[in-house]
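Structure first, commentary second.
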Protein chains: 2
Amino acid sequence: TLIQVAVYGKGGIGKSTVSANVSYLLAETGQKVLQIGCDPKHDSTRLLLEGREQTTVLDYIRRTPPYDRRLEDVVLSGVKGVQCVEAGGPEPGIGCAGRGILSTFETLKNLGIDDMGFDVKLYDVLGDVVCGGFAVPLRNEYADGVYLVTSGEFMSVYAANNILKGIRNFDKGIPRVAGIILNQRGMENESDIVERFAEAVRLPIVARIPRSGLFAKAESAGRTLAELYPDSDAAKEFEKIAAHIMSIKDDRAELLESRPLNDAQME
Amino acid sequence: TLIQVAVYGKGGIGKSTVSANVSYLLAETGQKVLQIGCDPKHDSTRLLLEGREQTTVLDYIRRTPPYDRRLEDVVLSGVKGVQCVEAGGPEPGIGCAGRGILSTFETLKNLGIDDMGFDVKLYDVLGDVVCGGFAVPLRNEYADGVYLVTSGEFMSVYAANNILKGIRNFDKGIPRVAGIILNQRGMENESDIVERFAEAVRLPIVARIPRSGLFAKAESAGRTLAELYPDSDAAKEFEKIAAHIMSIKDDRAELLESRPLNDAQME
Ligand SMILES: Nc1ncnc2c1ncn2[C@@H]1O[C@H](COP(=O)(O)OP(=O)(O)O)[C@@H](O)[C@H]1O
Ligand SMILES: Nc1ncnc2c1ncn2[C@@H]1O[C@H](COP(=O)(O)OP(=O)(O)O)[C@@H](O)[C@H]1O
Ligand code: SF4
Ligand SMILES: [Mg+2]
Ligand SMILES: [Mg+2]
């Protein structure tokens, strides 16, 4: 079976950090993983590529005629065999910012991505606006389950709630929300704030990643924290997410309905 | 003469705080000011409305037939006579997130906004994606000058650079950038980071707003910091921005070209 999950959240909240670490851990247990970066910032898979540069699909198709396109030019094999793709985005001010995502999905399909036999596909998606290409991974044929990454900061909780609205408006009826990932900024009352939100929207907090200096260290080394510091508290939290994805795959964990708060409830 | 300025920056960076405070100060010196919130979060003018709720233009036109629409229903008069408008945005996942902005500009024009004789129009615009409606204020007939609000955090500097790309791609040739507003997060080396960026893109830092607990206090009182704490350091920085806008209006300060950094330079 294939499980497809999307990681959404406000820009800078830690989506790529979460995605790369979770992909690493899943691959370490033998899963065949594909991670697709769906943020115009195109830095989702950096920590899995051992310093190699990745060509975005959007740039690639711009300069490569259809007959010359090959899957291996845009799907790079990273540590532990995680397969990495970056959608890229158009130049700011020129067309829809999410355009790279739609082009990427079409291109990968045409070049035969599904023959690669993945166990897990992970989409790392910008969540500041839920529209255009950024809403595409929410379609039924893509994300089976959606994780929301947030901190205690109002801006990120507001964005998470917005993403829930997008999920509810996009594909009604089928429960698609996997849960909330608290990535701690290290502020006062952070846990309380996110727990109150999680309770109000009736979603589980799947992991509570501590704010840690190890992230910067791993980043300087161009590696994931899970690879360099497997015994750290942060790594243990990423393992919870990896385990949760596996339990969704095996139907042991449930996906939930999206119940966003209205403006008044957001207080 | 009329001067139109746009305040762009990453979500949560302080655009609305800057906008409301600057509008207040300009109005206090006798300028007739219009502030238009162009963020789906629709909270730009909250601190100028003394607790009153503002109907967004998008919501208003959805439920009001064209013949019944009146300017005073969407343009609210705030403290010191600042005229306030909120564009609003569509439901997430349904259409272009910036749709409220285009609808707002058309509606205001049709209802006669230009007969109100403004000295300053200030657009407070979401800058996480520079596309669709969010790019509209960059058009020549709108913003004469654009301010970029940033902190020392990489995410906000990256967003500022992206906005510069949007400006360059959108209306080539005419210098449109007013400058950078440093809104301090209170992190290490913040000033250095933003100064190096400002130098690299050859833009002035127009103001350096300190991180201050007075913002939360003013916010709890539902007022701008400039109104409640006019002698504070933060208020003095907002005065610099107000003065800078006036000097652009009087042609004493220059507008600059947009020279964004490429990926490599962004280091
Ligand atoms: N828990 C954490 N503690 C410390 N730093 C973190 C943590 N999570 C993420 N970071 C750092 O925050 C920055 C932004 O994270 P990133 O994953 O790139 O965000 P996004 O993909 O959501 O834009 C990165 O430099 C990352 O190393
Ligand atoms: N210099 C500052 N010091 C402390 N808090 C600030 C400062 N600037 C902004 N804030 C706070 O940060 C939050 C986000 O600011 P806001 O203006 O709403 O951001 P934006 O409009 O860019 O989304 C607000 O609660 C505001 O009071
Ligand atoms: S749909 Fe969204 S991403 Fe596309 S142009 Fe509109 S705001 Fe930008
Ligand atoms: Mg990212
Ligand atoms: Mg705002």
Side-chain angles (χ1 to χ4, degrees), chain A residues 8 10-14 16 39-43 53 56 59 88-99 126-136 138-139 151 153-172 185 216 219 258 260 262-264 266, chain B residues 8 10-14 16 39-43 53 56 59 88-99 126-139 151 153-172 185 216 219 258 260 263-264 266:
Chain A
Y8 273 83
K10 182 169 170 52
I13 197 61
S16 301
D39 188 321
K41 242 200 302 160
H42 60 81
D43 60 1
E53 282 292 323
T56 68
D59 283 348
E91 272 294 296
I94 300 183
C96 185
R99 190 152 61 78
L126 178 146
D128 294 279
V129 288
V130 191
C131 53
F134 303 116
V136 170
L138 295 177
R139 291 182 194 173
S151 69
E153 290 167 304
F154 180 71
M155 297 289 145
S156 69
V157 177
Y158 182 92
N161 194 60
N162 238 33
I163 294 157
L164 286 176
K165 287 186 181 179
I167 294 170
R168 181 190 57 181
N169 291 331
F170 214 80
D171 269 321
K172 302 196 172 60
R185 175 98 207 177
E219 200 157 285
S258 174
N262 60 37
D263 278 356
M266 280 300 287
Chain B
Y8 273 81
K10 183 169 169 51
I13 197 61
S16 301
D39 188 322
K41 243 200 301 160
H42 59 81
D43 60 3
E53 282 293 321
T56 69
D59 282 350
E91 272 294 296
I94 301 184
C96 184
R99 192 153 59 77
L126 178 147
D128 295 277
V129 287
V130 192
C131 54
F134 302 116
V136 169
L138 296 177
R139 292 183 192 171
S151 69
E153 291 167 302
F154 180 70
M155 296 289 145
S156 69
V157 177
Y158 182 92
N161 194 60
N162 239 31
I163 295 157
L164 286 175
K165 287 186 181 179
I167 294 170
R168 182 191 56 182
N169 291 331
F170 214 82
D171 269 321
K172 302 195 173 61
R185 175 98 207 177
E219 201 156 286
S258 174
D263 277 358
M266 280 299 288

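A note on names: the letters A, B, ... follow the listed sequences, proteins ahead of strands, and every chain is numbered from 1.
Between chain B and the residues Leu126(A), Val129(A), Ile163(A), the largest count of heavy-atom pairs under 4.5 Å involves Val129(A). Each of Ala135(B), Pro260(B), Pro92(B) has some count of heavy-atom pairs under 4.5 Å with chain A, and the biggest count is that of Pro92(B).
A distance-only check finds a donor-acceptor pair linking the side chain of Lys10(B) to the backbone of Gly11(A) [under 3.5 Å].
There is no contact between Pro90(A) and chain B, counting heavy-atom distances below 4.5 Å.
The CG atom of Asp43(A) sits 7.0 Å away from the OH atom of Tyr158(B) when rounded to the nearest 0.5 Å.
Scanning all heavy atoms of the two residues, the minimum distance from Gly12(A) to Met155(B) falls at CA-SD, 3.4 Å. Shortest non-hydrogen contact noted between Gly95(B) and Cys131(A) is O-CB, 3.2 Å.
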